[in-house]
Amino acid sequence: MYPMKRMDFDPNGERNYKNRGISGYERISWDEALDIVANEIMRVKKTHGPGAIMNGSGSHHLWGILGYWLGIRLRFFNNIGWSPVVHNPDSWEGWYWGAMHHWGHSMRLGAPESYGTVEDCLKECEMVVFWSADPEATSGVYAAFEGTVRRQWLKELGIKMVHIDPFYNHTAALMGGKWFPVRPATGMPLLWQSLMSGLRKTFMIKIMLPSELSDSSSGKTIF
């Protein structure tokens, strides 16, 4: 990976704005690229004031050095001066307005714990699998304010809980149950095997492996 600059763009002379999207690009060094960025920051601040520099992030964290809300990105822009971009409710808008139809109220009346299909789950399910999920650590606004009491009800009713996670997370430690410490990045193969095992038992069929697909005389059923 390396930086590139529009061929007819001269940061110290003619910038040829009209050719954006038309003219080609040329490769430049990282030192030149950093100089251009630094000089542009100083130029904009001097010409238009510190509030002229705007920056924003997506609705959800990008877990990295630059994307994380509490990472060095904010520290950097706080040092140079900036105006934050307030984005639209692009992820919770449906949840917010749909609440009036699903739960009978909206957050204008506060934010009680959402209910949804909890009653059905407590009555009908025999097991709850927390697959790469740690609700004790990640509940809150993006989990619809889902609370600990639900998992306490599961435990009181004797409903089995299974935790599939490389780490012995907070939910597994608090609620107990069976913990499968899978290796990182092996979740999908485990899911595939679980699905195939369930299909075999439910439909009593033979799932052909890719290596078997060329054997047209095997007589095995493909699902």
Side-chain angles (χ1 to χ4, degrees), residues 57-63 67-70 86-210 220-223:
S57 63
S59 297
H60 302 278
H61 300 256
L62 300 174
W63 297 103
Y68 184 41
W69 285 350
L70 302 180
V86 179
H87 54 266
N88 69 307
D90 53 5
S91 68
W92 57 266
E93 191 174 43
W95 172 75
Y96 180 95
W97 294 108
M100 290 185 282
H101 303 284
H102 190 64
W103 303 320
H105 62 81
S106 73
M107 288 183 64
R108 294 180 181 180
L109 302 177
E113 181 178 309
S114 55
Y115 196 75
T117 55
V118 174
E119 185 175 357
D120 272 352
C121 176
L122 296 173
K123 285 182 177 180
E124 307 298 338
C125 80
E126 299 178 0
M127 177 187 296
V128 174
V129 179
F130 297 92
W131 199 307
S132 189
D134 186 11
E136 289 300 325
T138 58
S139 61
V141 59
Y142 285 130
F145 299 101
E146 187 266 359
T148 302
V149 67
R150 299 182 183 188
R151 290 172 291 285
Q152 291 176 328
W153 290 335
L154 293 173
K155 192 171 184 179
E156 291 172 4
L157 292 172
I159 297 173
K160 298 177 181 179
M161 286 182 272
V162 176
H163 311 272
I164 302 176
D165 197 309
F167 308 100
Y168 189 62
N169 60 43
H170 298 76
T171 305
L174 179 62
M175 297 298 166
K178 184 66 176 178
W179 171 48
F180 290 94
V182 296
R183 295 180 179 178
T186 61
M188 286 308 296
L190 176 61
L191 175 60
W192 173 255
Q193 291 297 328
S194 301
L195 290 174
M196 293 303 99
S197 176
L199 288 172
R200 292 189 186 101
K201 292 179 180 178
T202 302
F203 299 103
M204 293 187 294
I205 61 174
K206 167 65 177 179
I207 307 299
M208 293 184 68
L209 299 175
K220 298 183 177 67
T221 302
I222 302 176
F223 182 80

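Just so you know, these numbers use all the heavy atoms, side chains as well, and skip hydrogens, waters and symmetry mates. All values reported here derive from a predicted model rather than from experimental measurement.
Residues Trp153 and Leu122 come closest through the heavy atom pair CE3-CD1, 3.7 Å.
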Exercise. Go through Phe130 and Met175 one step at a time and tell me if the side-chain contact (heavy atoms from CB on, under 4.5 Å) criterion holds.
Key: CA-CA 11 Å; Phe130 297 92; Met175 297 298 166; over 6 Å; no
Can you give each donor-acceptor pair under 3.5 Å made by side-chain atoms of residues 155-168, sequence neighbours left out, with the distance rounded to 0.1 Å?
unit_1 : atom_1 : unit_2 : atom_2 : d
His163 : NE2    : Gly176 : O      : 2.8
Asp165 : OD1    : Phe167 : N      : 2.8
Asp165 : OD2    : Asn169 : ND2    : 3.2

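If you take CZ on Phe180 and CG on Leu190, they are separated by 8.0 Å, rounding to the nearest 0.5 Å.
Side-chain contact check for Leu174 versus His170: every heavy-atom pair is 4.5 Å or farther apart.
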